[in-house]
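Working notes, structure below.
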Amino acid sequence: MQWTDALQLTIIGLAQGSGYALVALGFVFIYRATEIVNFAHGELMMLGAFMVLTFAELWGLGFWMGAALGILTLGVAGYALDAAVMRRMIGESQSSVFILTVALGVMLKALAGMIWGYGPRNLTVPFQGTVEVGGLVIATSRIVVIAGTIVICAGLYLFLSRTKLGVAMQAASQNQLAAYYSRVPVKRLVSVIWAISAMVAATAGMLMAPVTQVSPEITAVGIKALAGAVVGGFGSIPGALLGCLLIGVAEPFLDYAYPPLQGVYAYAIMLLVLVVRPDGLIPQTFRKKV
Amino acid sequence: MSGVLLETRNLETYYGPIMAISGISLSVRTGSVVTVLGANGAGKTTLLKTVSGAVDCKKGQVIFDGVEVQNQQPDRVAARGIGHVPEGREVFPFMSVDENLSVGAWGRKDRDAVARDLKQVFAYFPDLRAKRDQMAGFLSGGQQQMLAIARAYMGRPKLMILDEPSLGLSPLLTQTIFGIVRRINRDEGVTILLVEQNAHAALQLADHGYVLETGRVVMEGTGAELTESEDIKEFYLGRAEAGVRGEKRWKKRKTWR
């Protein structure tokens with residue numbers, strides 16, 4: 001393996017990992033605010049990609065309009081999902097919530113198959129083609145994923161730390177009762193968190209479409225993102241980003257080294273980390289109060 | 001000045017099948033300090049949670065500022081002017097002191113007044129000013145309690161509810177905090193509803209007091225009356241005069257009901 005190949009694989013891995021990271025962000029946001037692990041998050045991502053496809057190509061609105069409408073639709077869907085379903089599950093046992101989100105995922109996946117078919121579809125994006133940098137040929141779409149992830153993470157960071165609404169969301173995640181007593185409308189904010197998470201996932205699905213195509217099968221990204229979040233230490237945002245990038249970069253190299261196990265490496269890494277460091281790479285400084 | 005700000009009528013709250021408070025009626029006059037005393041499990045915290053909407057009641061009414069507020073969402077109740085300082089220093093641990101206080105001022109549009117109140121908070125709690133940028137989770141217990149009170153103050157409540165502010169604090173720190181609570185009451189006219197196990201400190205502060213036992217009001221009176229009461233002296237202030245034989249205590253207990 002030459003160093004150019006290694007560099008190439010690293011960039012592919014970073015792009016892949018960035019995609020996982022965007023989905024993992026949603027997992028972690030929702031988990032921190034509600035202690036619910038939304039196993040249907042990969043399905044929300046898939047649904048987002050399909051909505052963009054529908055608006056952009058089936059309705060012929062063009063990519064940018066389609067992207068905006070598709071992501072917005074998922075925002076509304078995320079908000080509605082929490083307001084109509086998940087909100088009622090607060091206080092129920094972990095296992096019921098687990099089963100509910102898994103079932104939601106199965107239903108969404110089947111629904112997508114019925115509406116859009118099970119085969120992969122192509123989403124035409126304006127960032128197709130390749131760029132050549134010093135002998136390296138890189139697909140533009142990979143660079144767009146990485147750049148998009150950086151922009152979204154920076155935007156979310158600024159939103160959460162600088163705006164009143166963002167700080168209130170943090171407050172609601174850290175101590176729900178105290179947030180209520182401070183007049184913060186916790187329930188509505190949690191729904192907004194679901195909306196943001198779904199929108200970020202939809203963006204991920206759209207940005208990764210040139211690589212993965214759009215099909216009900218891309219929900220597998222959600223499981224890899226979950227693996228990344230676990231590797232990083234579930235509940236920690238920097239941890240999730242790091243874990244996903246790690247898995248993203250390790251995957252192509254391991255696939256290259258020993259192809260028969262292709263696709264399993266993400267989970268192998270997760271198992272390994274869980275055995276060696278059960279709290280993940282960046283555990284939370286101190287446990288959240290229940 | 002002398003209207004009733006908060007009134008509960010026959011309040012009953014259950015945890016599943018277990019009745020936590022059974023028919024509590026009390027009233028808090030505007031501008032006064034009212035304390036609720038009682039042992040562990042008497043229902044004090046449940047009473048406060050029911051008042052501020054964190055727990056729903058099964059029967060009875062909570063009337064705040066002339067409006068029935070029982071079983072509303074806690075954020076809506078708080079917006080009417082109740083600042084609840086929960087038991088056990090519930091701060092936002094991963095946020096700075098400043099951010100904690102800014103959440104306390106959530107929903108307020110009067111920026112100038114918020115800035116003034118922030119100044120006032122640091123005047124009351126100089127310890128917090130030095131730690132403005134520190135994460136609240138790393139403050140000492142006393143400072144966290146101060147922060148929780150300060151956060152409630154930032155909401156400009158008409159009624160401040162304090163749930164065992166002295167819990168786990170040194171007697172000296174308890175005195176300091178009670179002194180500040182008194183100033184908030186006197187200088188700013190904030191009505192105070194104070195729940196305590198530390199009856200001595202609470203009765204010094206209170207205009208009026210209630211004693212709860214197993215979810216009922218078993219005694220009420222002015223602060224002075226309660227301080228003078230034999231039962232309170234014996235069971236809460238720890239000044240047993242007539243013998244310490246269990247039998248006698250039991251008999252005295254009986255007279256309460």
Side-chain angles (χ1 to χ4, degrees), chain A residues 28-29 31-35 82-83 87-88 90-93 156-193 233-240 282-290, chain B residues 15-16 45 48-49 51-55 72-96 98-109 111 114 135-138 144 147-157 159-163:
Chain A
V28 176
F29 274 149
Y31 175 73
R32 282 169 68 120
T34 63
E35 309 223 321
D82 180 61
R87 193 182 281 179
R88 291 160 211 278
I90 287 174
E92 299 294 329
S93 75
L156 281 177
Y157 175 78
L158 288 178
F159 170 68
L160 285 174
S161 58
R162 297 289 157 79
T163 67
K164 257 183 131 172
L165 191 64
V167 171
M169 277 182 188
Q170 284 191 55
S173 301
Q174 289 174 22
N175 193 332
Q176 219 167 60
L177 190 65
Y180 266 127
Y181 287 159
S182 307
R183 289 163 303 159
V184 173
V186 175
K187 285 188 176 176
R188 245 186 304 153
L189 287 198
V190 167
S191 296
V192 173
I193 288 174
F234 210 83
S236 147
I237 288 172
I282 306 182
Q284 281 187 288
T285 348
F286 32 87
R287 291 250 160 253
K288 182 177 165 176
K289 277 190 183 167
V290 179
Chain B
Y15 287 126
T45 297
L48 298 189
K49 283 187 166 176
V51 166
S52 48
V55 172
Q72 287 187 9
Q73 287 294 314
D75 51 312
R76 303 287 299 277
V77 178
R80 292 190 177 278
I82 294 185
H84 191 145
V85 182
E87 190 178 2
R89 310 156 200 158
E90 301 277 350
V91 296
F92 303 118
F94 298 103
M95 285 163 46
S96 69
D98 265 348
E99 285 174 325
N100 267 271
L101 293 174
S102 79
V103 173
W106 170 266
R108 285 181 64 180
K109 301 274 184 285
R111 285 196 178 189
V114 171
M135 247 205 247
F138 294 130
Q144 288 191 13
L147 179 58
I149 296 173
R151 187 183 57 203
Y153 177 85
M154 288 305 292
R156 273 268 151 211
L159 171 71
M160 194 183 273
I161 294 181
L162 296 153
D163 195 350

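Here is how names work: the chains are called A, B, and so on, in the same order as the sequence lines, proteins then strands, and each is numbered from 1. Note that the coordinates shown come from a computational prediction; the quantities given were computed from them, not determined experimentally.
Looking at B/Trp106, its side chain never comes within 3.5 Å of a backbone N or O of A/Ser182 through a donor-acceptor pair. Side-chain N or O atoms of A/Asn175 include one that pairs as donor or acceptor with a backbone N or O of B/Val91 at under 3.5 Å. With A/Arg183 contributing its side chain and B/Val103 its backbone, the two residues share no donor-acceptor pair below 3.5 Å. Not one N or O on the side chain of B/Glu90 forms a donor-acceptor pair closer than 3.5 Å with the backbone of A/Ala178.
Contacts of A/Leu160 with chain B are absent, with no heavy-atom separation under 4.5 Å from either backbone or side chain. Proximity to chain A (any heavy atom under 4.5 Å) is shown, for B/Ala79, by both the backbone and the side chain. No part of B/Ala148 comes within reach of chain A, as not one of its non-hydrogen atoms sits under 4.5 angstrom from that chain.
No more than 12 heavy-atom neighbours from other residues, nucleotides or ligands sit within 6.0 angstrom of OH on A/Tyr157. Open room surrounds CZ on A/Arg188; 12 or fewer heavy atoms of other groups in view lie less than 6.0 Å from it.
Most heavy-atom pairs under 4.5 Å with chain A, from the set B/Met95, B/Arg151, B/Arg80: that is B/Met95. In terms of non-hydrogen atom pairs under 4.5 Å with chain A, the most contact-rich of B/Gly155, B/Ala152, B/Gly83 is B/Gly155.
Here A/Lys187 contributes atom NZ and B/Gln73 contributes atom CD; the two are 4.0 Å apart, rounded to the nearest 0.5 Å. A/Tyr180 OH to B/His84 NE2: the interatomic distance, rounded to the nearest 0.5 Å, is 15.0 Å.
Heavy-atom minimum distance, A/Lys164 versus B/Arg108: NZ-O, 3.7 Å.
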